[in-house]
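What follows is a single structure, written as structure tokens, with notes after it.
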Number of protein chains: 2
Amino acid sequence: MPKVGMEPIRRAALVQATIDEIGASGSLDVTVSQIAKRAGMSSALAHHYFGGKEQIFLAAMRHTLAVYAAEVRGALGMADSPRTRIEAIVRAGFGTTNFRREVVSAWLNFYVLAQTSGEAGRLLNVYQRRLHANLLYNLRPLVGDKAEEVAQRIGGLIDGIYLREALGTKTTNGSKATAMVLAALDLELGQGK
Amino acid sequence: MPKVGMEPIRRAALVQATIDEIGASGSLDVTVSQIAKRAGMSSALAHHYFGGKEQIFLAAMRHTLAVYAAEVRGALGMADSPRTRIEAIVRAGFGTTNFRREVVSAWLNFYVLAQTSGEAGRLLNVYQRRLHANLLYNLRPLVGDKAEEVAQRIGGLIDGIYLREALGTKTTNGSKATAMVLAALDLELGQGK
DNA sequence: TTTTTTGTTGATTGACGAGTCAATAAACAA
DNA sequence: TTGTTTATTGACTCGTCAATCAACAAAAAA
């Protein structure tokens, strides 16, 4: 049965299974066996390819962050003004790829992981800094030296909406969430009332 | 050594130790033994008084929420206008009692717990609903029928700032956090620019 | 004083899970 | 063909942990 060149396929399957399993169970308390089973292989194979549980988690996190980053980059490419670029960032964050319940739940758990795993913390920091830098850069032409605090508020609001989605009371769909942040943005830009 | 009337003391010690332990370790992966040790007793005694780990967690969560609620209630009592009442809510949330790193970390983990434990989810829902209702009620006289969406945004921002504190990059102190939310509030009330 | 209730723990049980290993098998290289 | 690399797993080890239990101690009730 053994084919050759399985490694990348297995790795990808494990990464996806990890995100799904964490998302579905809503907790980092998933066993390697569960993940491996979902990915259609034995737990021994998971260990073979990744070496250990932590590395599986980190790979899953990297993937999640990479998908998000790619989405943002793609959206930014289509935008040509500061305002539309900020909109792009927001829309990408709440797009259907990232804003499904399981994915958000996985995110939340990555935040928890970041509290104990140095590497996970570093990864999350990179994401946060990038988001902040993006917002800041595009806000500067719009609000000048207020950009820093505005970026802080918009970024905080985005994270907060994610958190609330994870708890999952209100089934805020993505476009509603986007609208909420953009409304706040309008206010910040002094166009609202 | 056994004194009488220990039950409430032991329970309180265990609850506090649970919060501290979760906060310190940044994870729900704390053992009953760790908690019991921190509270100065054997793990068997912890089981004796609470019956099981989950119930210890729930008691700790109830306590955290109760402390928060008490703080808000206290602050509200001193305020007499909608605007100051909203300020009171915000200030209470970021007061020194609730906004210490370990406590915030414990909160974050309670969010995770809420994803798997029905009872924990219910508790957190009560808190969220209460916060929302408080904001809504006091925003109504200030912004009329926009109150709903404004409450959503302010509440989201509060949660987001908590989340960022948990990650702990920026050591946002409480007053800075308060200022940030109040600035957003001013914008919403159309007084900013 | 005896009995019961309350407080307390060390030792044990039973389950579960991460990680290892030896064995098997297909593909590929020599 | 034969040896080597890659893929794969079932079985096993070792540790950990929640939960239980038997036993002991002190206070209160009888």
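Computed from a predicted structure; not experimentally measured. Numbers restart at 1 for each chain; the letters A, B, ... are given by sequence-line order, proteins then strands.
- Taking the side chain as every heavy atom from C-beta outward, R91(B) and L182(B) approach each other to under 4.5 Å.
- The separation between F57(B) atom CZ and dA18(D) atom C1' is 11 Å, rounded to whole Å.
- Dashed line: the shortest gap from a side-chain N or O of R10(A) to OP1 or OP2 of dT8(D) is under 4.0 Å.
- In this structure, CD of E54(A) is placed 19 Å from P of dG17(C), rounded to the nearest angstrom.
- Separating the CE atom of M41(A) from the P atom of dG19(C) is a distance of 16 Å, rounded to the nearest angstrom.
- To the nearest angstrom, P of dG17(C) lies 12 Å from CD of E21(A).
- For A44(B), the side-chain atoms get nearest to dG10(C) when compared with the rest of dT9(D), dG7(C), dG10(C).
- Considering every non-hydrogen atom in both E188(B) and I154(B), the closest pair reads CG-CD1, 4.3 Å.
- Taking only side-chain atoms of V32(A), from C-beta outward, the nucleotide of dA18(C), dG10(C), dG10(D) with the closest atom is dA18(C).
- Among the protein residues, Y49(B) comes within range of the sugar-phosphate backbone only, with heavy atoms under 4.0 Å from sugar or phosphate atoms but none that close to a base.
- The listed nucleotides are dA18(C), dT9(C), dT8(D); the one nearest the side chain of K53(A) is dA18(C).
- Nucleic acid contact class of T31(B) (heavy atoms, under 4.0 Å, all strands): sugar-phosphate only.
- Taking atom CG of L14(A) as the reference point, atom P of dT9(D) lies 11 Å away to the nearest angstrom.
- When rounded to the nearest whole Å, the span between CG of D29(A) and C1' of dC16(C) equals 11 Å.
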List the steps and the verdict of ring-ring contact (aromatic ring centres under 6.0 Å, His included) for F57(B) and F110(B). CA-CA 9 Å; F57(B) 278 170; F110(B) 289 150; 7.6 Å; no
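- Aromatic rings from F99(B) and W107(B) are positioned such that their centres are separated by 6.0 Å or more.
- No hydrogens or angles considered: nothing links the side chains of T178(A) and S175(A) as a donor-acceptor pair under 3.5 Å.
- The distance between atom NE2 of H48(B) and atom P of dA18(D), rounded to the nearest whole Å, is 19 Å.
- Atom CD in Q55(A) sits roughly 13 Å away from atom C1' in dA18(C) (whole-Å rounding).
- Listed nucleotides: dT20(D), dT8(C), dA18(C). Nearest to the side chain of L45(B): dT8(C).
- Among the nucleotides dT9(D), dT8(C), dT20(C), the one closest to the side chain of M6(B) is dT8(C).
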